[in-house]
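No experiment lies behind these values; they were computed from the predicted model shown.
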Amino acid sequence: MITKTYDALVVGSGAAGFAAAERLKQFGAEKVALITENRLSGTSRNTGSDKQTYYKLTLTGADPDSVSQMARTLFEGGAVDGDTALAEAANSARCFLHLAEIGVPFPANAFGEYVGYKTDHDPAKRATSAGPLTSKYMTECLERQVMALDIEIFDHCPVLRLLTADGHMEGVLCYSLEDHDYILFASRHVVYATGGPAGLYARSVYPGSQHGASGLAFEAGAMGKNLTEWQYGIASTSFRWNLSGTYQQVLPRYISTAQDLSDEKEFLLEHLSPEEVLSRTFLKGYQWPFDPRKIDGSSRIDELVYQETELKGRRVFLDYTLNPAGLEEDFSNIGQEAYDYLEHSDVLFGTPFERLQKMNPKAVDLYLSHGIDLSKERLEIAVCAQHNNGGLAGDAHWESNIHGLYPVGEVNGSHGIYRPGGSALNAGQAGALRAAQTIIKALRTEVEEPLAYEAIDQAAERMRQLEELKTGKSNTSETRRRIGHRMSLYCAHIRELGNMQNVIEETKADLERYWTDCVISEDHPEEDRIKALFNYDLLVAQYVYVSAMADAVDHDIYSRGSYLVMDGVEMTPLVDDGSHNGYVQEAKLQNGEVEITYRPVRPIPESEQWFETVYNGKE
């Protein structure tokens with residue numbers, strides 16, 4: 001085992017991770033290292049939408065906006081802490097302009113104003129975009145900054161365990177797939193930018209290369225926050241991508257088939273009139289996440305796709321080559337809102353593909369770049385997990401209940417029930433900035449101490465568990481399949497308490513016998529040993545997440561956000577009354593059990609506004 005010591009560590013190589021590393025170095029940290037499972041993997045670099053959004057303070061035009069108004073918008077999403085909302089709003093312009101300065105191609109008009117548009121849950125046209133690959137551009141530009149600062153990057157170095165002592169961070173145990181050795185990184189400050197627990201769901205729009213590492217944080221004692229709150233929506237499955245915006249607004253056909261592609265039908269017409277299908281398909285463009293409040297509107301499509309794929313075992317496709325049944329040649333039956341939009345876009349003609357090609361050629365090119373020609377091929381789809389609004393708990397400086405652990409990016413559960421589209425990209429940048437500022441202050445007064453024996457013991461235990469795994473016919477792939485299947489079937493956008501309780505019991509039993517039942521390949525032991533660790537992390541995460549989901553229903557928190565709770569007897573939807581929107585649910589793994597508590601949200605602070613007070617450093 002190799003031991004290395006740093007002032008601060010960053011785990012993760014997405015937009016949030018690279019931003020944190022850059023800020024730490026710029027602010028004065030001397031020894032900074034970035035650790036990543038795979039520098040080219042992850043959600044930031046490999047996902048997007050038809051027009052991926054960055055949400056920030058308005059920087060154009062005559063419409064009034066303020067930090068306070070933006071904070072209020074974030075806060076009113078429900079189950080959001082006000083101090084975090086204020087920090088995200090206050091730092092949004094600074095973070096956005098930094099990205100623009102380092103090369104992210106956000107559009108500006110002839111006078112340099114960064115024009116915006118309205119996104120979901122947004123009253124003020126704060127959204128902007130650099131196109132379908134906004135987060136990819138962010139990651140690449142921030143990576144160039146990190147490289148220019150000569151920050152050490154340890155690639156192909158997955159995390160095996162977080163090391164703590166007395167509620168403080170001590171370091172991180174990793175395995176280097178390049179050096180074929182364990183590395184103990186000693187540091188009392190760890191920015192944890194590992195992304196959401198992407199591997200939990202079988203039906204997922206997260207890239208296949210993204211696993212997440214939330215389970216390891218729970219194992220170390222980190223608190224979870226609002227783990228019930230996710231976003232789910234329709235996405236393609238062979239190439240994982242959100243099918244929002246123009247992908248829906250051009251009115252493709254929804255068809256289902258048997259597994260062997262026989263028995264093709266436009267299944268939505270079995271439940272809706274042609275006019276209703278057309279209207280709901282169009283609305284799905286900007287009402288992309290499943291929303292129980294829209295179950296009689298656009299989200300009815302998500303529900304029917306779920307029934308076809310998960311309950312009936314059929315396959316569902318979007319077809320851009322032919323118009324859906326019932327579409328009149330003059331488009332007179334698509335509804336006034338859809339008609340006006342398509343008329344203004346000058347696409348009241350042709351097939352869905354021809355409309356998409358004119359309205360958003362980048363959306364067509366994106367699939368072509370992955371070998372999919374929408375002019376000829378149908379696109380297989382499902383309702384997929386897309387983003388975790390909850391995650392690990394942090395304060396207004398993004399520090400968790402473990403002193404020195406800073407969850408930044410999607411792994412941080414700052415968003416609550418409803419969030420404006422694109423606020424996640426801003427939260428990652430604001431969180432990176434705030435965490436780096438806090439770490440630098442701590443480093444100025446910190447006294448260097450040796451690595452605690454408790455942390456060394458934790459590292460030794462994990463190495464022993466991995467080295468003593470049985471070899472033979474590997475069961476790691478089957479374990480991963482089991483985890484994802486039960487999560488997508490019972491704990492996604494359709495939930496029922498009894499089913500979730502069964503998942504908890506199954507997952508707990510898997511965990512209790514994991515290190516004895518797990519078998520890794522005798523032909524590829526090193527590679528499979530890491531897969532075994534990923535499965536362990538996902539099982540811990542599944543146990544905590546589903547325990548939180550079930551406890552919420554047990555406390556009468558019903559259909560809200562992006563999930564629908566069904567009554568276990570009548571199998572009818574249970575409607576949430578909103579009475580818990582002012583509370584945050586917290587979950588902690590303690591002695592093998594998940595402890596769930598509820599607390600009121602922290603209000604938006606009354607921040608100091610007198611210039612001389614702030615200028616003289618009293619705020």
List the steps and the verdict of ring pair (Phe, Tyr, Trp, His ring centres under 6.0 Å) for Tyr286 and Tyr117.
CA-CA 12 Å; Tyr286 60 87; Tyr117 56 89; over 10 Å; no
Establish, from distance only, whether the side-chain atoms of [X] and [Y] form a donor-acceptor pair under 3.5 Å.
X      : Y      : result
Ser92  : Arg126 : no
Asn323 : Arg355 : yes
Tyr341 : Gln249 : yes
Tyr201 : Tyr206 : no
Gln609 : Ser607 : yes
Gln52  : Ser135 : yes
Ser244 : Asn242 : no
His189 : Glu446 : yes
Asp340 : Gln336 : yes

Please report the C-alpha distance between Lys284 and Asp302 in whole Å, then the side-chain angles of each, then the deciding distance to 0.1 Å, and finally whether the salt bridge (Lys or Arg N to Asp or Glu O under 4.0 Å) criterion is met.
CA-CA 9 Å; Lys284 180 53 55 185; Asp302 305 77; 2.5 Å; yes
With His387, which residues qualify under side chain to side chain donor-acceptor pair (under 3.5 Å), at least two apart?
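Partners of His387 by the side chain to side chain donor-acceptor pair (under 3.5 Å) criterion, ordered by chain and then number, come out as Asn389.
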Applying side chain to side chain donor-acceptor pair (under 3.5 Å), name anything that partners Ser375, two or more places apart in sequence or on another chain.
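For Ser375, the residues satisfying side chain to side chain donor-acceptor pair (under 3.5 Å) (neighbours in sequence not counted) are Asp373.
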Would [X] and [Y] pass as an ion pair if we require N to O under 4.0 Å?
X      : Y      : value
Glu399 : Arg434 : no
Lys136 : Glu140 : yes
Arg39  : Glu143 : yes

When the ring centroid of [X] is compared with that of [Y], is the distance short of 6.0 Å?
X      : Y      : value
Phe185 : Phe154 : yes
Phe290 : His493 : yes
Tyr367 : Tyr247 : yes

Using the ring pair (Phe, Tyr, Trp, His ring centres under 6.0 Å) criterion, which residues pair with His211? Sequence neighbours excluded.
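For His211, the residues satisfying ring pair (Phe, Tyr, Trp, His ring centres under 6.0 Å) (neighbours in sequence not counted) are Phe534.
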What closest approach, in Å, do Leu243 and Ile381 show between heavy atoms, and which atom pair accounts for it?
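Leu243 and Ile381 have their closest heavy atoms at CD1-CG2, 3.4 Å.
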Might you point out which heavy atoms bring Ile417 and Gly77 nearest each other, and give the distance in Å?
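Minimum heavy-atom separation between Ile417 and Gly77: CB-O, 3.4 Å.
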Residues two or more places apart in sequence or in another chain: which of them pass side chain to side chain contact (heavy atoms under 4.5 Å, CB included) with Val277?
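Listed in chain order: Leu268, Leu269, Leu272, Thr281.
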Gap between atom OG1 of Thr53 and atom CG of Leu425 - 0.5 Å precision
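The distance works out to 8.0 Å.
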Could you check Asp83 against Arg602 for salt bridge (Lys or Arg N to Asp or Glu O under 4.0 Å), going step by step and ending with a plain yes or no?
CA-CA 7 Å; Asp83 51 1; Arg602 300 190 296 266; 2.8 Å; yes
Pairwise side-chain contact, [X] with [Y], heavy-atom cut-off 4.5 Å (strictly under):
X      : Y      : answer
Phe353 : Val250 : no
Val408 : Asn412 : no
Asp7   : Ser187 : no
Ser414 : Val80  : no
Lys225 : Asp81  : yes
Thr321 : Lys376 : no

In terms of relative ring orientation, are Phe239 and His370 parallel, tilted or perpendicular, with 30° and 60° separating the classes?
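Ring orientation of Phe239 relative to His370: parallel.
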By the side-chain hydrogen bond (donor to acceptor under 3.5 Å, both in side chains) test, which pairs, at least two apart or in different chains, include something from residues 11-29?
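Pairs touching residues 11-29 that pass the test: Ser13-Thr36, Glu22-Gln26, Glu22-His98, Glu22-Gln145.
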Check the pair Thr47 / Gln210 against side chain to side chain contact (heavy atoms under 4.5 Å, CB included), numbers first and verdict last.
CA-CA 10 Å; Thr47 60; Gln210 171 75 32; over 6 Å; no
Derivation of the ring pair (Phe, Tyr, Trp, His ring centres under 6.0 Å) call for Tyr418 and His121:
CA-CA 7 Å; Tyr418 295 101; His121 311 303; 5.1 Å; yes
Sequence neighbours excluded, every pair satisfying ring-ring contact (aromatic ring centres under 6.0 Å, His included) that has a member inside residues 21-64
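As it turns out, the ring-ring contact (aromatic ring centres under 6.0 Å, His included) pairs with a partner in residues 21-64, which skip direct neighbours, are Tyr54-Phe96, Tyr54-Phe106.
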Between Tyr114 and Thr58, does a side chain to side chain contact (heavy atoms under 4.5 Å, CB included) hold up when you go through it step by step?
CA-CA 8 Å; Tyr114 287 98; Thr58 302; over 6 Å; no
Report the C-alpha distance between Lys125 and Asp65 in whole Å, list the side-chain angles of each, state the deciding distance to 0.1 Å, and finish with yes or no for salt bridge (Lys or Arg N to Asp or Glu O under 4.0 Å).
CA-CA 10 Å; Lys125 294 185 180 178; Asp65 199 6; over 6 Å; no
Between Tyr6 and Glu152, does the side-chain hydrogen bond (donor to acceptor under 3.5 Å, both in side chains) criterion hold? Intermediate values first, please.
CA-CA 10 Å; Tyr6 291 90; Glu152 284 190 87; 2.9 Å; yes
